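Quick notes on the structure that follows.
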Amino acid sequence: MSRFTPPGAALGALWSVDPYGARVPGRRRTEESWGSRGAVVAMAGAATQVCIGVVAPLTGRLAPLGEPLSFAVRTLTRRLLRLHNSGRTYDVRIAVRDSHSQPEGARRAVRELADDERASIVVTMAGTQVLPAAADACEELGVPCVSTTFPWQAYGYARGGDPLRTFRWTYHFAWGLDDIAAVFADLWEQLGGRQTVGCLWNDDLQGQLLRHERFGFAPVAVDRGHTLIDPGGYREPATDFGSHLARLREGGAEVITSAATAADLAQCLRQSRTVGPAPRLVTCSRWLTYPHTHTTRTREVHDELAAAKVATLVYWSPEHPYRSSLDGTGCADLARAYREETGQSWLQPLGLAHALFEVAHHALATAPDPTDRPAVARTLAKTRTETVVGTLDWTRGPTPNIALIPLAGGQWHQGAFGPRLTLVDNTRAPEVPLTGDLTPAY
């Protein structure tokens, strides 16, 4: 019988992008600085300007999320020069603020975008402390907001303790903890039947929600017939996993599941090779959806995780069959453009960042008045649109503020140019082609 064993800032760089594509560093442009150009445009074509605000973690520990978002701003600015709505043409301005990966920085960024830039809509992506701060600020100031990057249960829970809470101004698209559990269970079962799985979960919000008896990861995995052994939370960054590994060893765990940082997971695996258990398979969400070479420079971490062949969730890849509603760009094209401009391999948030602007553009183009914030918010609540991450439908989510993305299963394999994410399970997303087989560590 399956069971679950429970545990015994100052704002920095600011920049705007004008309707002609110029990046303006340093202090933001004021509304007055737009006056003469706006007057010329208005006289020539009776156009009105709308602003899309962006809160991005350009610096700090969440900067890996900021890179794809910055790329989306740079590449989409010219494609968003004009907005057509009900026979009228609007100039589009994109204003960007750095959250510095801090909640207070995110709140300050939203205030500037709302009050100084007069943004009609704000888009953002960040972690489980910074993103809720930005969303809450938008809700308080009455500014429509679209966000993404982490499970919808965490989005609601971090904003008042109720995953099912509804909001007037703020909307999110992502996946659920239940979806992660289902995909990971699909991967475990490729090893053969039901598994005994050790849970390496922290003592912060992520760990609390993964354990949640109603909305978490644990109940879904247990219902699938797997035995979970939870030795208790740990504080990040971790210093020792000896007691945790002892519990997993006693329970006979051959699989480890986690939401750890790359450094903490590598430390656990290093200790497990000495004292056991050495896992046949590791499934890890959160930071391991990125190549570990992107989140840490420590060679020992790279070597440890490469040997473990960590499996993870996949929400976007170059193999996904979707296209941008803005210009028809396919997923492979988007990944290729990112590599050509940055010299780096694609990252999963690249698709999410692009989709944020697709949703913002759709809302502004279909709202009765794109300069009227309440009208834009009401339009978001009814939005169903095709994007580079698939169909996003806020009319069929688990709450009125959530649109869901299907997940596939992937595994990191070492390639000639570093970690390479292979698609190894598409049970939940059959339209996504597989690119390899799941390979246990032994």
Side-chain angles (χ1 to χ4, degrees), residues 54 56-58 62-80 123 125-126 148-150 173-175 183 262 285-295 302 305-306 310-361 385-392 405-426 428-437:
V54 182
L58 303 178
L62 300 176
L65 280 174
E67 293 173 15
L69 193 50
S70 297
F71 173 80
V73 171
R74 293 193 301 271
T75 57
L76 292 177
T77 295
R78 291 188 179 278
R79 299 171 190 173
L80 294 172
V123 299
M125 52 199 298
T148 186
T149 53
F150 61 77
F173 63 91
W175 46 92
V183 167
S285 56
R286 202 167 158 225
W287 285 109
L288 267 297
T289 59
Y290 297 84
H292 50 80
T293 51
H294 196 78
T295 57
H302 299 170
L305 297 179
V310 178
T312 191
L313 59 99
V314 181
Y315 49 81
W316 185 85
S317 77
E319 282 70 38
H320 278 58
Y322 312 123
R323 290 190 173 275
S324 168
S325 60
L326 295 174
D327 57 8
T329 296
C331 295
D333 298 327
L334 184 58
R336 187 180 307 110
Y338 185 78
R339 176 182 281 280
E340 289 174 354
E341 178 176 316
T342 68
Q344 300 180 32
S345 296
W346 62 274
L347 303 169
Q348 292 202 58
L350 180 61
L352 301 181
H354 191 100
L356 281 173
F357 289 95
E358 294 184 75
V359 174
H361 178 269
T385 186
E386 303 300 321
T387 74
V388 78
V389 298
T391 303
L392 297 178
I405 299 174
L407 296 179
Q411 186 177 34
W412 290 107
H413 291 163
Q414 196 62 20
F417 302 100
R420 175 176 52 85
L421 188 58
T422 301
L423 289 156
V424 297
D425 192 284
N426 62 356
R428 315 278 153 188
E431 69 278 10
V432 179
L434 301 181
T435 60
D437 298 320

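Predicted model only: the values in this text are computed from it and were never measured.
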Exercise. Considering non-hydrogen atoms only, spot the tightest contact between Gly66 and Leu58 and give its length.
Key: O-CD2, 4.2 Å
Quiz prompt | Nearest-0.5 Å distance, CG of residue Asp327 to CG of residue Leu76 | solution = 7.0 Å
Practice problem: State, yes or no, whether a side-chain contact exists between Tyr290 and Pro349 at a heavy-atom distance under 4.5 Å. | Solution: yes
Quiz item: With no hydrogens and no angle check, is any side-chain donor or acceptor of His320 less than 3.5 Å from a backbone partner on Ser317?
Solution: yes
Quiz item: If we only count heavy atoms from C-beta on, is the Ser324 to Arg79 side-chain gap below 4.5 Å?
Solution: no
Practice problem: Mind checking the CG-OG1 spacing from Leu434 to Thr422? Nearest 0.5 Å is all I need. | Solution: 10.5 Å
Exercise. Compare all side-chain heavy atoms of Tyr338 with those of Ser345 and state whether any distance is below 4.5 angstrom.
Key: no
Exercise. Compare every heavy atom of Leu80 with every heavy atom of Phe357, then report the nearest pair and how far apart it is.
Key: CD2-CD1, 4.0 Å
Practice problem: Can you measure from CG (Leu313) to CZ (Arg428) and round to the nearest 0.5 angstrom? | Solution: 13.0 Å
Quiz item: Tell me, do Asn426 and Glu319 make a side-chain contact under 4.5 Å, heavy atoms counted?
Solution: no
Practice problem: Apply side chain to side chain contact (heavy atoms under 4.5 Å, CB included) to Val314 and Val432, showing your working. | Solution: CA-CA 10 Å; Val314 181; Val432 179; over 6 Å; no
Quiz item: For the side chain of Glu358 and the backbone of Val388, is there at least one donor-acceptor N/O pair under 3.5 Å apart?
Solution: yes
Quiz item: What is the minimum heavy-atom distance between Val389 and Tyr322, and which atoms define it?
Solution: C-CD1, 3.5 Å
Quiz item: Are any side-chain N or O atoms of Thr148 and backbone N or O atoms of Phe173, one a donor and one an acceptor, separated by less than 3.5 Å?
Solution: yes
Quiz prompt | Test item: Pro68 and Leu352 side chains (from C-beta on) under 4.5 Å apart, heavy atoms | solution = no
Exercise. Looking only at non-hydrogen atoms, find the nearest pair between His413 and Asp437 and report the distance.
Key: CE1-O, 3.7 Å
Quiz item: Is it true that a side-chain atom of Gln348 and a backbone atom of Tyr315 form a donor plus acceptor pair closer than 3.5 Å?
Solution: yes
Quiz prompt | Side-chain heavy-atom pair Glu67, Thr342 within 4.5 angstrom cut-off | solution = no
Quiz item: Is the side chain of Thr289 donor-acceptor paired with the backbone N or O of Ser285 at a distance under 3.5 Å, no angle test?
Solution: no
Quiz prompt | Ala56 to Leu69 - nearest heavy-atom pair and separation | solution = CB-CD2, 3.6 Å
Exercise. For the pair Ser325 (side chain) and Thr387 (backbone), establish whether a donor and an acceptor sit closer than 3.5 Å, ignoring hydrogens and angles.
Key: no
Quiz item: Shortest non-hydrogen contact from Pro318 to Cys331?
Solution: O-CB, 3.7 Å
Quiz item: Can you check whether Trp346 reaches Leu334 side chain to side chain, under 4.5 Å on heavy atoms?
Solution: no
Quiz item: Any donor-acceptor pair under 3.5 Å linking the side chain of Trp412 with the backbone of Leu288?
Solution: yes
Quiz item: Would you say Leu350 and Trp316 make side-chain contact, with heavy atoms under 4.5 Å?
Solution: yes
Practice problem: Kindly compute the distance separating CD (Gln411) from CG (Leu423), expressed to the nearest 0.5 Å. | Solution: 11.5 Å
